[in-house]
Amino acid sequence: MSEKDNQSMHWADIMADKIIREKGDKPRYTCASGITPSGTVHIGNFREIITVELVARALREKGKDVRFIYSWDDYDVFRKVPKNMPEPELLEKYLRYPITLVPDTTGRAENYARGNEVAVENDLPKVGVFPEYIYQAERYRTNVYAEEIRKALSMREEIREILNQYRTEPLADDWWPVAVFSSFTNKDNTKVIAWDGEYGLTYRDLDLDKEETIDIRTTPNTKLPWRVDWPMRWAYEGVDFEPGGKDHLTEGGSYDTAKSVVKLFGAEAPVTMRYDFIKLKGKGGKISSSGGEVADLSDVLEIYPPEIVRYLFVGTRPSAEFAISFDLDVLKIYEDYDNTERIYFGLIQTNEKKKEKESRIYELSQVDDKAIPSEPGYQIPFRHLCNYLQIYAGDQDKVIERLDGITESQEKRLRVRMSCAWAWLDKYAPEEFRFSLSSEDCMYKATESEAKAIREFASYVDEHLDALSEKEFSEYIYKCAADNGMENPDFFRLIYQVLINKEKGPKLAGFLKACGSEKVLEILRRY
RNA sequence: GGGCCGCUAGCUCAGCUGGUAGAGCAACGCCCUUUUAAGGCGUGGGUCACAGGUCCGAAUCCUGUGCGGCUCACCA
């Protein structure tokens, strides 16, 4: 590979090369990601998933077989009731339970953890992400990790030493590298008292002050604490790559200690990369959990088509923080994506370096790398599309009818885009941006002289709108104002009032043409 | 206290394995005597936080300083 190629490489390709370099040339690589579904899995968590997906795709394109596993850490403790969950007082009673044993008050699934999981599992295929899901609650509760737990117990002192390196307070003398959910209460308010050197573990339930001895080969109650659990799973699955947030990948963070602990399990740490958090812009705090506003993948998919959702992440270095916008920036995002697409299809000339870079971003943004579009999308600015949609009150078929020379594949993509645009107009667009054509039951009350001007204007529209250009027709707007003794601003205001019940609107001449004389006349002739 | 990140045009940011700065928005002007957050063309605007260093050459690499932020040191 030449140096030149390297310069224009995408971060996912660079990471794939790094994995191959550090892990050796293997026929198959295991890429992992995971999270505790202790609340809504938000778009920040999605960044880790899409990061793995992009690296996995880059590896596959280099001819490697890739296993992409996604670990749901649903045997973690329920510590806090998120603010966006229904029936908080019921959930309150289940604090300190494993989240898999907490009821789902949203009615989405059989338990709390599962409810948060299904939301994500339903949306990931839409953006072309198909991991193999691993459910840690099931793994632990069916004793899949019994040997690993026994190993951890036997390496108690070595593990303690590693963890103590970064702690302000050393772990207590009676600390054990295992957590126990009480079989009496399901809560983790327990303390390990003894281990028989094999599979027998004795713990005390601190709430009830009762003791019990369990067999880690048969009990569903044990689990490893995070800093031991993570490296254990690296070893168990043979993980080659797993990214992490900056909370994990800081000195003394869990990646650091796990890197040492994993050796005790006879394996090496995976290649990693750090990703930064995602901010939100213009969401207006509609959904709130633990204080801040939250958006999940489905919120983003509502206003951006899948390939643009991917584009947001593909085009940004993972180490950089960025904001996902719900406000007017949405327009720019669509324009940026379309621009990248035009570069890919050679509709815009750029230098070779930029073309390579943008083209790679375009490819990686596509949901299915086996089905990259063979032609660019229908060229219509997002703003324009929003106005057409509003003229036709969201009727996609009518908008399509107005567009010349649209192909089948373009129509398919445009319909997705229209759904997003419509959702955006409805939920997030600023008021000035929105309008709807007046209906008969909410007519502007015109004075007699205004009505006369409107009727005259209607005749101009009837005679000239279709035949003349936007600019040429403008003359008639001014002429009509003058003929009726009105100041221009007043006349424009009048027409906007009549058409859309607002004082202002899109640039009038162009707007009239976009509406078409038929629709305009239908409204004007009510006067 | 440790670690990390950021500091580039009024705003939001791109550019970063070095070759005398870019985009969008905002501003201003013109097309059009003329409403407009839907048009077109154009203009202005930055000692790239600061100080050193390496280099023919630094926004880009190194060192230090300042300011802002995040994170670990509890749990996951």
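Numbered from 1 within each chain, the chains take letters A, B, ... in sequence-line order. The shown structure was predicted, so the numbers you read here are calculated from the model rather than taken from an experiment.
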Q.
Strictly below 4.0 Å: does T168(A) bring a side-chain N or O up to OP1 or OP2 of C74(B)?
A.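 Yes.
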Q) Is the phosphate of A76(B), meaning OP1 or OP2, less than 4.0 Å from a side-chain N or O of R96(A)? A)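 So the side-chain polar atoms of R96(A) never come under 4.0 Å of the phosphate oxygens OP1 or OP2 of A76(B).
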Rounded off to whole Å, could you give me the [atom1]-to-[atom2] distance for the [X] and [N] pair?
| X | N | atom1 | atom2 | result |
| --- | --- | --- | --- | --- |
| M15(A) | U17(B) | CE | C1' | 15 Å |
| I35(A) | A76(B) | CD1 | C1' | 11 Å |
| K18(A) | U17(B) | NZ | C1' | 14 Å |
| E475(A) | C31(B) | CD | C1' | 13 Å |
| K479(A) | C32(B) | NZ | P | 20 Å |
| Q165(A) | G3(B) | CD | P | 16 Å |
| D17(A) | U17(B) | CG | C1' | 15 Å |
| Y478(A) | U34(B) | OH | P | 8 Å |

Check every atom of [options] against the side chain of [X] and return the nucleotide holding the closest atom.
| X | options | result |
| --- | --- | --- |
| L328(A) | U35(B), A37(B), A76(B) | A37(B) |
| F492(A) | C75(B), A38(B), U35(B) | U35(B) |
| D76(A) | G15(B), C74(B), A76(B) | A76(B) |
| F277(A) | C75(B), C70(B), U35(B) | C70(B) |
| P506(A) | A38(B), A76(B), G15(B) | A38(B) |
| A514(A) | A38(B), G15(B), A76(B) | A38(B) |
| H248(A) | U71(B), A38(B), A76(B) | A76(B) |

Between [M] and [N], how far apart are the [atom1] atoms? Round to whole Å, please.
| N | M | atom1 | result |
| --- | --- | --- | --- |
| G44(B) | C7(B) | P | 26 Å |
| A38(B) | C25(B) | P | 12 Å |
| G2(B) | A21(B) | P | 38 Å |
| A49(B) | U35(B) | P | 41 Å |
| C5(B) | G64(B) | P | 13 Å |
| C50(B) | U8(B) | P | 10 Å |
| U20(B) | G46(B) | C1' | 14 Å |
| A26(B) | U43(B) | C1' | 14 Å |

Q. With nearest nucleotides of RNA chain B determined for G253(A) and W226(A) from heavy-atom distances, which residue corresponds to the more 5′ nucleotide?
A.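 In this pair, the answer is G253(A).
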(Q) Both L224(A) and D247(A) contact RNA chain B. Taking the nearest nucleotide for each, which residue is further toward the 5' end? (A)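 So the residue in question is D247(A).
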Who does [N] pair with, Watson-Crick or G-U, both distances under 3.5 Å?
| N | value |
| --- | --- |
| A23(B) | U12(B) |
| U35(B) | none |
| C74(B) | none |
| U47(B) | none |
| G6(B) | C67(B) |
| G29(B) | C41(B) |

**Q.** Partner of Y311(A) under ring pair (Phe, Tyr, Trp, His ring centres under 6.0 Å), chosen from Y337(A), Y344(A), Y362(A), Y334(A)
**A.**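 Answer to the ring pair (Phe, Tyr, Trp, His ring centres under 6.0 Å) test with Y311(A) among Y337(A), Y344(A), Y362(A), Y334(A): Y337(A).
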Pick base, sugar-phosphate or nothing for [X], based on heavy-atom distances below 4.0 Å to the nucleic acid.
| X | answer |
| --- | --- |
| L508(A) | base |
| Y496(A) | base |
| F511(A) | base |
| P430(A) | nothing |

Looking only at the side chains, is there a donor atom on one of [X] and [Y] sitting less than 3.5 Å from an acceptor on the other?
| X | Y | value |
| --- | --- | --- |
| Y140(A) | D229(A) | yes |
| T100(A) | D74(A) | no |
| Q136(A) | Y145(A) | yes |
| S182(A) | D207(A) | no |
| Y392(A) | R402(A) | yes |
| Y133(A) | E117(A) | no |
| Y460(A) | D483(A) | yes |
| S254(A) | W230(A) | no |

Q. Side chain to side chain contact (heavy atoms under 4.5 Å, CB included) between L101(A) and F78(A): does it pass, once the steps are laid out?
A. CA-CA 9 Å; L101(A) 295 182; F78(A) 189 47; over 6 Å; no
(Q) Does any part of the side chain of Y97(A), heavy atoms only, come nearer than 4.5 Å to the side chain of V77(A), both counted from C-beta? (A)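 No, their side chains stay 4.5 Å or more apart.
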**Q.** Residue pair V399(A) / L414(A), side-chain heavy-atom distance below 4.5 Å
**A.**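 With C-beta onward as the side chain, the pair stays apart.
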Q: Give me the residues of residues 379-387 of chain A where at least one heavy atom lies under 4.0 Å from an atom of RNA chain B, by number, or none.
A: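 The stretch gives R383(A), H384(A), N387(A) as the residues lying under 4.0 Å from the strand, ordered by number.
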Q) Can the positive tip of R156(A) be found less than 6.0 Å from the middle of the six-membered ring of W175(A), inside 45° of the ring normal? A)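 That pair does not qualify as a cation-pi contact.
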Q: Between protein and nucleotides 4-10 of chain B, map the contacts as a letter string: B base, S sugar-phosphate only, - none, heavy atoms under 4.0 Å, written 5' to 3'.
A: SS-----
